[in-house]
There are 2 protein chains.
Amino acid sequence: MTLLRSPRLDGSTSRDIPDATVARLPVYLRALNALAEQGVMSCASNELAEQAGVNPAKLRKDLSYLGSYGTRGVGYDVEYLRYQIAREMGQTQDWDVVIVGVGNLGSALSAYQGFSTRGIRVAALVDADPQRVGTVVSGITVSPLDELDEIVADRDISIGVIATPGTAAQEVAERLVAAGITSILNFAPALVQVPDGVDVRKVDLSIELQILAYHEQRKASADKTSTDKAATA
Amino acid sequence: MTLLRSPRLDGSTSRDIPDATVARLPVYLRALNALAEQGVMSCASNELAEQAGVNPAKLRKDLSYLGSYGTRGVGYDVEYLRYQIAREMGQTQDWDVVIVGVGNLGSALSAYQGFSTRGIRVAALVDADPQRVGTVVSGITVSPLDELDEIVADRDISIGVIATPGTAAQEVAERLVAAGITSILNFAPALVQVPDGVDVRKVDLSIELQILAYHEQRKASADKTSTDKAATA
DNA sequence: AAGAGTTTGTGAACGCGTTAACAAAATCGA
DNA sequence: TCGATTTTGTTAACGCGTTCACAAACTCTT
């Protein structure tokens, strides 16, 4: 018998927010930050929705899952809403992540500027290759895979990033879980099996381009059939 | 008055496939390739679905959009199905892409091994920074942004990748479109506006980690409330 | 103070995607 | 040849997400 929207001491609600909404909240946060930088104090759902590239009704519905933080007839206070979303997303604290695999992609991720301003801190780099262990990448010394347990425990890390070849992904995932990691971002082109309670998100660079290629092909063949039609007509 | 499922000379169908299905076809392709390498000649939807990490019913429904390529009571011929999906995805040909922005991420993408086996070829690298122009990255000489038009035209490129800082994303997108690009993969943390007919997909590294952080926070506060409950009980 | 104008928050309709369930079609054994 | 078994292709139900449309709530003007 769980209560919906039971209020907590910190003001957040225990009702879970739809996945689709959670995925958009960081977008709203970015838009609000941009507005705040421009000195905008207040904004209506129309403006914010345009900034974020979504339908205004969708924006309002998304925000309604968090609470009632706007004022009818007026709009939203930029700073207040920014803080409320940040709190709901857990961005009042910084989150340490460990990156496994310091190849090209892992190195690029460790140097990525966009993380720090979003509450993400790359706290450790790990690699199985002895040649890479000990080298310094983006100011962080690469540790051996065997030290994963200590690193995760010592620094209280809960999020791991897999940036290895596909063949190593499953074993790395298992080691991450064994070390205590409960959220994984997987860049390897392979799907990993994890126990219940562990979240996995997958980013597949090839697949994104393959999807675009599919649409390109359709555009091309659509052109072709229309010219064919013209020819047979 | 367009006919649905009108057959074409090459055997493909003109009915458009749902987006969700298109996004999964590359996953099936990867699973089929893995099976083929293991010497498996034929497989049932159950096995293939497990390999791909999806529900068997979903797999069959997805495949039904392409046509009827299985045999009832038997299953699917691995090589035949592999070819049919590859053809539908446009993977019978290679797709050239141009990467704009040769920073850490752009360099990593240009070196990414996973592309070539998926029919993606990085054909050109472009950067606005004069210091980077002329350098060789992954065997490709970096060209100035001004030469984008010629590069796209000469090599008949239709897909562009934006790997620049967020501030440059919109201008780069406009230049890509002006050069004739009709599909864009955007890694910059900014949303780009493009004319109708141009496809944009967005990969946001920060957002993926922010979503994981949100779920981590919920796990943590759920633990807290349950211990609270135990304490107050 | 009251009416006109804004803008939020939300109920309801709609559409897409997922999943279960089953008929159709193939193989296999007797 | 026929019945039993297997597995696909598809229909129908369900659930989630999106969008519309409007009442509620606020400001502003007179």
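Proteins come first, then strands; the chains are lettered A, B, ... in the order of their sequence lines, and each starts at number 1.
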Check the distance between D/dG17's P and A/L25's CG and give it to me in whole angstrom. 13 Å
Please determine if B/R118 and A/D204 form a salt bridge, counting it only when a charged side-chain N lies under 4.0 Å from a carboxylate O. no
Cut-off 3.5 Å, side chains only: do B/S45 and B/R60 have a donor facing an acceptor? yes
Of all the nucleotides listed (D/dG9, C/dT10, D/dT11), which has the minimum atom distance to the side chain of B/K61? D/dT11
Expressed as a whole number of angstroms, how long is the span from A/D62:CG to C/dT10:P? 13 Å
Can you work out whether A/D19 or B/C43 has the more 5'-proximal nearest nucleotide on DNA chain D? B/C43
Donor-acceptor pairs under 3.5 Å, side chain of residues 71-79 of chain B to any protein atom, not counting sequence neighbours: which ones?
residue : atom : partner : partner atom : Å
B/D77   : OD1  : B/E79   : N            : 3.2
B/D77   : OD1  : B/Y80   : N            : 2.9
B/E79   : OE2  : B/R82   : NE           : 3.2
B/E79   : OE2  : B/R82   : NH2          : 3.4

Rounding to an integer number of Å, can you tell me how far B/N55 CG sits from D/dT8 P? 13 Å
Measuring to OP1 and OP2 of D/dT8, would you say a side-chain N or O of B/T71 lies under 4.0 angstrom away? no
Nearest whole angstrom, please: distance from the P of D/dT8 to the CG of B/D77. 13 Å
Could you check how far CZ of B/R72 sits from P of C/dC28, rounded to whole Å? 17 Å
Minimum-distance nucleotide to B/R60 side chain [options: D/dT8, D/dT27, C/dT7]: D/dT8
Rounded to whole angstrom units, what separation is found between the CG atom of B/D16 and the P atom of C/dC16? 10 Å
Could you state the atom-to-atom distance from OH of A/Y76 to C1' of C/dT6 in whole Å? 13 Å
Within the structure, does a side-chain N or O atom of B/S45 lie under 4.0 Å from either OP1 or OP2 of D/dT7? no
Describe the nucleic acid contact of A/A57 in one word from base, sugar-phosphate, nothing, applying a heavy-atom distance below 4.0 Å. base
May I ask you to check whether A/Q170 and A/E174 show a side-chain donor-acceptor distance below 3.5 Å? yes
Test salt bridge (charged side-chain N to carboxylate O under 4.0 Å, His left out) on A/D199 and B/R218 and set out the steps. CA-CA 12 Å; A/D199 284 328; B/R218 294 208 84 231; over 6 Å; no
Measure from the side chain of A/S64, starting at C-beta and using heavy atoms only, and say which of C/dT18, D/dG17, C/dG9 lies closest. C/dG9
To the nearest angstrom, the CG-P distance between B/N46 and D/dT8 comes to 7 Å
